[in-house]
Every structure is written in structure tokens, then in C-alpha cells.
Amino acid sequence: MSIRVRFAPSPTGVLHIGSVRTALFNWLFARHAKGKFLLRIEDTDKLRSSNENTKLIFEILKWLNIDWDEEPVIQSKRAERHVEIAKELVNKNMAYYCYCSPEELALKKERALKDGNAYKYDGTCRNNKIVKNANPVIRLKAEFGGKTTVNDLVQGEVTIENSQLDDFVLVRSDGTPTYMLSVVVDDHDMGITHVVRGDDHLTNTFKQIQIYKACGWDIPRFGHIPLIYGPDGAKLSKRHGATSAVEYRELGYLPEAILNYLLRLGWSHGDDEIISREQAIEWFSFDTVGKSPSRFDIKKLQNLNAHYIRQRSNESLMNYLTLFLKYEINDKQKDFILKGMDGLKERAKTILELAETATIYIQSPDKYDISCEKYATSSHLSLLKDVIEIINNMEPIVEDELCAAVKELAVAKNVKLIEIAQSIRAALCGKLVSPSVFQIISILGKEETTGRINAFIKHFGGA
RNA sequence: GUCUCCUUCGUCUAGCGGUUCAGGACACCGCCCUCUCACGGCGGAAACACGGGUUCAAAUCCCGUAGGAGACGCCA
């Protein structure tokens, strides 16, 4: 039988980076096994779910190049079916109506907590046939004897005593199905063979198995992957910085870098670090997924991102970075950036950074960093005039020749090359960090270069 | 509190009883390259949570202890 897995996010927030990893593992597992990867939107919490979030989930998955098979299942549309199953269970005496009020239960829960016990529903209505007027919930008649063992793809064999379970709710008093019910019915109806999800669901699994048993359905295999934590070891959340895939996209992280990073978080293939899509599909297996939680390390993501930026073609980066510019650029500016891309891309950790540094080819500096003043002394300005001289006498400007000529100037004036180079850099870029100044000059051309240098001389010479 | 899971350098991890005084990657430090910053190259510091077993031999198996995480909802 062919493998069928699913990714089932709830559209209650923007897609969490940990969810993306769950999606990735499911997807890799399916593609490796040549099975199906399905999507299900768990939007039963109508208050917190939104269509915008649902759309964003699809959009991000597409952006990451995680493709899915078949039409996504929208869970909220299947509520009737879920309730129907619960009613069948009532008819089969596997479930029952419970009339306990939330207030009564809250009281019992409080008491249990005070005594230091885990709260479990006490089964008041289990054998009570008294039908009250209040809107009842439907509870599953849980099995209390014996144990249940799950042979988890990641966690191995996990066993709990069934006495730990209670008669949990399948259908709420307002007639809507609970998550526990919906998941099981949908997974069954979708023909899911392997349920792969975050390990925060591990204990839910035992409840869900009871539903499967009550319905007489085949139980799928389960795989619970550890969650991602922040640098301090607590669950990754807002206070750690960006948590959603959307944010990482906006910060200028490449999909291939995010995927590679997420893949290596909790999974490994020997000493391999840089892993392509194809290799990932070929190598992926749950055998090498670790059980211990891992911490999110932005520095490593950045390193990977920088690597994949260098891997990308200049044209592809060009198109990408225009999305990050706040204004339109003309063909000449595009041409400049493209020519300078080799120098730009090995300095950028994100596309956002790339776009920022690329502005040196778009506009002259609107201000000079305070650090530039060091290279704007009268002797520096005098040297810059000599540089203008050199540039004006060179036709056309060739990077190497220009470099050689400026080096000669340095020797002739008995100054270090760095004094001249940094001075030029300050004049051209307004800061002391940039690609090679000789490359920048050869790209900007005579007019733009001398214009910027003259502006610099004027700015500091007048003072 | 109860149940379940986890524990190798700061971080991600390799290791699945001997070939490892523990390997790689990121980060960090130093050197080289060098017009700055990067890139690249070379080198360095840095870990088997603790305590008992089992065994000729344990990071690797077993049992405790400590620490951490998750679950215990008419949320998903």
C-alpha cells in the first residue's frame, strides 16, 4: 500500500517555522517513498482562523517549493461527518451523552488540582441514562484496563496505562466536533497511513487510538518529531525574534536555505551540511531523526543563506532583490547592479542586505558616515583630486589598470594604498565598507565617479 | 502534582561495545590573503549531566539521581 501523509496546520496565525519543518519532514517522507503528500486546513476554531492565514499557508508552501497532491481538505466543511461518526458511536454504546455542566466540571477540576492529582472526568454520566434539558456533550467511553503501546517512527515504543485516560469530549454542547474527533475521522477518510506531527501531540495519540478502535478503523503509523526551541531552551516564540516563515521571507532568507537549515535541525546524514532537495529526498528517513529537541540558531541559518546566495545566478539575485527595493530602478541601474553582483553577493547574508548594499550602484550617498571623516583630511582630499586626474586620463576605465595607477600614486605620494582607497570608498559609498572601489569605479564610469568624489571634496573641503 | 519524552563542544550534530585521549558544521579566537568588509586558506580553544552496575572492553547496554521539555481543556 502506498504511503499517504498529511500536513495539517491551523490557520490561526502565520505559519510557524516549526510547522514548516513538520511540513518538510512529511513532504520528504512522501517524496522519498513516492507516496502522497496531502494538505488539511484545521480551521475548526472559527474565532481564531482566517482566510488570509489559509491563503498565506498555501503561498508559503509554494514559495518553499513544497508541493502537495490532491485538493486540500478544509476541516470545517466536514463537521457534519465528524458528528455523525460520534453519534454512531453513541448508538454502538461506545460513546455517551454527558450533561455535566462546565461549572460542575470546573469545580471538580479545581479540587483535583488542589489534591495534586491529574484531572480526569469522573464518568458521572457514563451509565446514567437521565436525560436533562441542557445541551449535552458526547464523550467517548474510554478503555480503562490494560496499556496502549505506540510504535512511533521517531520516539520508538511508547507505552502508557489506559487508566491515565478519561472519557474525553468528542462533540461539544454546541454540536461542533472537537479536534480529537475531527483529526481521527479526517485522517481515516483521507487514507492517511503515517501521521507525522510535532511531539506535543504524542499524548493525544493515545486518545486518538481509542477513537480508531471504537470505530473499528485501522490505526495509522505515527511519527512525533521534537519541537524547535529558542536559544534559551523554551519553546520558540515571539520574544526570541522571528518565528513565522513569512517573517524570514521578508528578512531576505532564501527558501533553499530555510529548508536546508530546518532539515538539519534534528536530522542528519553523516557529516553532510549542504544538502540539495534531491539529496534530501533520496536520503530522508525517520531512522535518523533525533528524539531530543533542538534550539533555533539564527547564525547558522545566516551562514547557510549566505552560501545559497553565492550559489544563485546573478540574474536570479537581481530579480529577487528588486522585490526588496522601495522604488523602481531603470535599466542602467540594473545593469550596474548586475555588473557588480559578484562583489555584492559574497558580502550579503540576506537578500535584504544585498538590496541595501546594491544602492551604491543606484544613487550617490545621501550622507557620509561619521567614520568617513577620518579619510577626509586636506591631504586625503588632495589625493582624491589626483585620483580624479587619473580617472579623467584613462579611456576606457579598466579595473586592473586603474588599481595599478592608484598604487603608483600611493608610492609617488608616499602614502599607504589604504589611505587612498578608503577615501575613495567614503566618497563613493558614504561608508567604509563596500566591494572593491576599483570595481565600483569601473562600473559607475567616469562621470558618476568624479561627480561623487567632487561632491565629497566640496562637502568636506568647504568645512 | 500525574504521565510521557529528552540529556555528546556555546549551538546543530557524527558516533549505533573495541579502529575515537570523541569527528564535522555554525559561532568564537589567531594567522595568511588583502583597498575596507566579506569570500577563501591554515590553525586554536571547546563536549560524552552525575552516580552505580553489566562486560576483558561503554559516549555507546541496564538501573538510579539531577536537570530540561511536552501533555494533562466543551484549544488546535
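Lettering of chains follows the sequences in order, A, B, ..., and the numbering in each one begins at 1.
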In whole Å, I'd like the distance from the [atom1] atom of [X] to the [atom2] atom of [N].
X      : N     : atom1 : atom2 : answer
A:K120 : B:C3  : NZ    : C1'   : 10 Å
A:D45  : B:G73 : CG    : P     : 17 Å
A:Q302 : B:A25 : CD    : P     : 19 Å
A:N305 : B:A38 : CG    : C1'   : 15 Å
A:D287 : B:G15 : CG    : P     : 11 Å
A:N162 : B:C72 : CG    : P     : 18 Å
A:D272 : B:G23 : CG    : P     : 18 Å
A:K291 : B:U7  : NZ    : P     : 8 Å

So if I take every side-chain heavy atom of [X] and compare against [options], which nucleotide ends up nearest?
X      : options             : value
A:V169 : B:C12, B:A27, B:C74 : B:C74
A:T178 : B:A71, B:A76, B:G73 : B:A76
A:E273 : B:G24, B:C26, B:C6  : B:G24
A:E346 : B:C39, B:A71, B:C35 : B:C39
A:S268 : B:G24, B:U7, B:A14  : B:A14
A:L417 : B:G73, B:C35, B:C3  : B:C35
A:R48  : B:C26, B:C3, B:A76  : B:A76
A:D297 : B:G70, B:C37, B:C26 : B:C26
A:N204 : B:G24, B:G70, B:A76 : B:A76
A:V433 : B:C12, B:C39, B:U36 : B:U36

Discussion item. Quick check on RNA chain B: between A:V437 and A:L105, whose nearest nucleotide comes earlier from the 5' end?
Written reply: A:V437
Response to the item:
Note: for A:R310 and A:H269 on RNA chain B, the residue whose nearest nucleotide lies more 5' is A:H269
Below 4.0 angstrom, N of the basic side chain to O of the carboxylate: do [X] and [Y] qualify?
X      : Y      : answer
A:D199 : A:K291 : no
A:E273 : A:R264 : yes
A:R78  : A:D189 : yes
A:K385 : A:E389 : no

With a 3.5 Å cut-off and heavy atoms only, can you find an N or O donor on one side and an acceptor on the other between the side chain of [X] and the base of [N]?
X      : N     : answer
A:D271 : B:G23 : yes
A:S173 : B:C74 : yes
A:R347 : B:U36 : yes

For [X], which contact category applies under a 4.0 Å heavy-atom criterion: base, sugar-phosphate, or nothing?
X      : value
A:V137 : base
A:Y261 : nothing
A:T159 : sugar-phosphate
A:R425 : base
A:P102 : base
A:G198 : nothing
A:P226 : nothing
A:H201 : base
A:L202 : sugar-phosphate
A:S10  : sugar-phosphate
A:C100 : base

Only pairs with both distances under 3.5 Å count, Watson-Crick or wobble alike; so what is the partner of [N] in this structure?
N     : value
B:C35 : none
B:U11 : B:A25
B:A69 : B:U4
B:A45 : none

Worksheet entry | A:D342 side chain to A:N314 side chain, donor-acceptor N/O pair below 3.5 angstrom | yes
Contact under 4.0 Å: [X] side-chain N or O vs [N] OP1/OP2:
X      : N     : result
A:T44  : B:A76 : yes
A:K300 : B:A25 : no
A:K416 : B:U36 : no

Practice prompt. Report yes or no: is the cationic atom of A:R452 (NZ for Lys, CZ for Arg) under 6.0 Å from the centre of the six-membered ring of A:F456, at an angle within 45° of the ring normal?
Written response: no
Which value, in whole Å, describes the distance between the [atom1] atoms of nucleotides [N] and [M]?
N     : M     : atom1 : value
B:G51 : B:A58 : P     : 15 Å
B:U4  : B:U11 : P     : 28 Å
B:C74 : B:C16 : P     : 47 Å
B:G23 : B:A38 : C1'   : 28 Å
B:C21 : B:U54 : P     : 25 Å
B:U8  : B:U20 : C1'   : 13 Å
B:A46 : B:C28 : C1'   : 10 Å
B:G15 : B:U60 : C1'   : 8 Å

Practice prompt. Could you please spell out the steps behind the side chain to side chain contact (heavy atoms under 4.5 Å, CB included) verdict for A:F324 and A:L354?
Written response: CA-CA 9 Å; A:F324 285 79; A:L354 187 71; over 6 Å; no
Item to complete: Kindly assign one of parallel, tilted or perpendicular to the pair A:Y261 and A:F296, based on the angle between their ring planes and the thresholds 30° and 60°.
Response: perpendicular
Discussion item. Applying the salt bridge (charged side-chain N to carboxylate O under 4.0 Å, His left out) criterion to A:D167, which one of A:R126, A:R139, A:K207 satisfies it?
Written reply: A:R126
Worksheet item: Is the distance between the ring centroids of A:Y212 and A:H188 less than 6.0 Å?
Response: no
